[in-house]
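Reading through the structure tokens given below for one structure.
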Number of protein chains: 2
Amino acid sequence: MSYYLHHGEALAFIRTLPDACVDALVTDPPYSSGGQYKGDRTSKTSAKYQRNDAGKRFPDFSGDSRDQRGYLAWCTVWLSEVYRVLREGAPVVLFTDWRQLPTTTDALQCGGFTWRGVVPWNKPHPRPSKGRFAQGSEFVVWGSKGAMADDGPCHALTPWIFSPPHFTRKIHLTEKPVELLREIVRIVPPGGTVLDLFTGSGATGEACIREGRDFVGCELSAEYYALAKERLERLPSLDG
Amino acid sequence: MSYYLHHGEALAFIRTLPDACVDALVTDPPYSSGGQYKGDRTSKTSAKYQRNDAGKRFPDFSGDSRDQRGYLAWCTVWLSEVYRVLREGAPVVLFTDWRQLPTTTDALQCGGFTWRGVVPWNKPHPRPSKGRFAQGSEFVVWGSKGAMADDGPCHALTPWIFSPPHFTRKIHLTEKPVELLREIVRIVPPGGTVLDLFTGSGATGEACIREGRDFVGCELSAEYYALAKERLERLPSLDG
DNA sequence: CCTTGCGATGAATCCATAT
DNA sequence: GATATGGATTCATCGCAAG
């Protein structure tokens, strides 16, 4: 139930960690997705993912402008380093959207992990799209460092259906619901340590604290680092 | 509300069809998945996907023994030919499991189509797996032949949650629920024609008939061809 | 305190226009 | 000609203000 939050770049941070010191990676990297055109990637995240008249609500986040080759290469680099700091059999859980899903499964395996599945996060009421299927899901790509123990409780026994945090209450544009993250971090035994390289608003940290798992987070942006820190500091009093 | 069922090999059948004669492809190819090891692919489907004591329940189906490269190449061949027989803007809908999902998105694009999304089919009660996330979803990879019309109704406005057909009532081992297929074929305007190259038990044909879409199916196995034919023939009387 | 109504929103997508 | 920008579109939901 302790946590540590680091302000800085992810790869540099991992390299400071000793071997086999964490029990899982649960992280939500910037997808570098969100559009058919190059301009959709190169514009600011606040403009890319939001209506024009709402463009000023959330601070921009960086690292969201790679093409597919670059995304694969970048993920491979930090996943390879994460491999070293994970314990044998530890799970790796990566968020992605439909566009980057295949690249993410490649990256997981390029990093040396065994790919074990894809679990959809279903949003109950996606934005409609005329004449087509709505895109109402993001995806969790997961695997492990080598063989996994096949004891322990079962997970994801029912479909994951969670609304995204409401815009008036969320801190980060792409923040995930804490209820979903609580389901996910329960794959780590109680007291285990979860690493998140792209902490953002710190939702994964909150999930860990609420579920009794230790949390090690890393965030590049000073603004989000401060927001995540504040969020986690405020948390124990909520439980009181 | 008419249907045509062909007994024979898929690629040879497509080649007999004229250009731009169908409004959608909705099909469930043999995944060639179902195992981590080579032996898992080369064994009989009836043994591969079923418990030993149930091994004689369903007839074998063929074409389920390709590795990933072979699966990509094979899908690319028939998808390229399907491109020709589809009308401009027509949707393509392919079932896949998590293991073949990335290969399927590659194949769709190798066939010349625009990839537009991934929609999960969520099973309400997946088989639990100790210490891991259950694999409770299959996936619909979809796209279109070029630009799509952006009129028409919206689809998939809520997550797809459907139980697989009960084993006492299903004909094919990997049969999809008709309710799910009805949701899917509604993306074709009423009266449009849906092509299915791997008809199996004919569930997609039943969905088309119930939704007032025309159906053109193709099945290689004499046994399943007869079963699908019987299923569709029996259907009009059910509507009364 | 409860109900009603209005407005804003969404890891979106497409096309027309501008650079 | 290729890329970048801006506007319009979909509707169930939630927050908030008004009654």
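Chain letters run A, B, ... following the sequence lines, proteins first, then strands; residues in each count from 1.
- A distance of about 22 Å separates the P atoms of dT5(D) and dA11(C), rounded to the whole Å.
- Taking atom CD on Gln135(A) and atom P on dT10(D), their separation rounds to 19 Å, with Å as the unit.
- Using a 4.0 Å heavy-atom criterion, one finds that Trp121(A) contacts no nucleic acid atom at all.
- Between the C1' atom of dA16(C) and the CG atom of Asp150(B) lies a distance of 13 Å, rounded to the nearest Å.
- Contact of Asp28(A) with dA11(C) (side chain to base): a donor-acceptor pair of N or O atoms is detected under 3.5 Å.
- Counting non-hydrogen atoms of other residues, nucleotides and ligands closer than 6.0 Å to CD of Glu88(B) gives a total above 12.
- By the 30° and 60° cut-offs, the orientation of the rings of Phe133(A) relative to Trp160(B) is perpendicular.
- dC16(D) atom P lies 8 Å from atom NE2 of His166(A), rounded to whole Å.
- For Arg116(B) and dC14(C), the shortest distance from a side-chain N or O to OP1 or OP2 is below 4.0 Å.
- Between the side-chain ring of Phe167(A) and the base of dA8(C), no stacking contact exists by the 5.5 Å and 30° definition.
- The separation between Lys130(A) atom NZ and dA12(D) atom P is 13 Å, rounded to whole Å.
- Residue Lys170(A) is classed as a sugar-phosphate contact, given heavy-atom separations below 4.0 Å to backbone atoms only.
- Atom C1' of nucleotide dA12(C) and atom CH2 of Trp142(B) are separated by 12 Å, given to the nearest angstrom.
- Using bins of under 30°, 30° to 60° and over 60° for the plane-to-plane angle, the ring pair Trp74(B)/Phe198(B) lands in the tilted bin.
- An OP1 or OP2 oxygen of dC14(C) is reached within less than 4.0 angstrom by a side-chain nitrogen or oxygen of Arg132(A).
- Cation-pi geometry between Lys123(A) and Phe162(A) is not met: the NZ or CZ atom fails to fall both under 6.0 Å from the ring centre and inside 45° of the normal.
- Shown here, dA11(C) forms no base pair; nothing in the strands shown gives a Watson-Crick or G-U wobble contact with both key distances under 3.5 Å.
- Across all strands shown, Pro30(A) has heavy atoms under 4.0 Å from base atoms, whether or not it also approaches the sugar-phosphate.
- Note: CE (Met148(B)) to C1' (dC14(C)) measures 13 Å, nearest angstrom.
- Put simply, Arg169(A) has no side-chain N or O that comes within less than 4.0 Å of OP1 or OP2 on dC16(D).
- Comparing Ser129(A) and His125(A) by the nucleotide of DNA chain D that holds the closest heavy atom to each, the one mapping nearer the 5' end is Ser129(A).
- For the side chain to side chain contact (heavy atoms under 4.5 Å, CB included) criterion with Tyr3(A), the lone passing option out of Glu233(A), Lys229(A), Glu206(A), Arg213(A) is Glu233(A).
- Residue contacts shown for Pro165(A) are absent, as no nucleic acid heavy atom lies under 4.0 Å away.
- Rounded to whole angstrom, the span from the CZ atom of Arg99(A) across to the P atom of dA12(C) amounts to 10 Å.
- Heavy-atom distances to DNA chain C give each of Glu138(A) and Ala147(B) a nearest nucleotide, and the one nearer the 5′ end belongs to Glu138(A).
- Looking at the side chain of Pro128(A), the nearest of the listed nucleotides dC14(C), dT10(D), dG15(D) is dT10(D).
- Of the nucleotides present, dA2(D) is the one that pairs with dT19(C) by Watson-Crick or G-U wobble criteria, both distances under 3.5 Å.
- The interatomic distance linking Leu157(B) (CG) with dA12(C) (C1') rounds to 14 Å, in whole Å.
- The residue Thr168(A) sits close only to the backbone: its heavy atoms come under 4.0 Å of sugar-phosphate atoms, none of a base.
- You'll find the side chain of Glu219(A) stays beyond 4.5 Å of the side chain of Leu5(A), heavy atoms only.
- Distances shorter than 4.0 Å separate some side-chain N or O of Lys123(A) from OP1 or OP2 on dA11(C).
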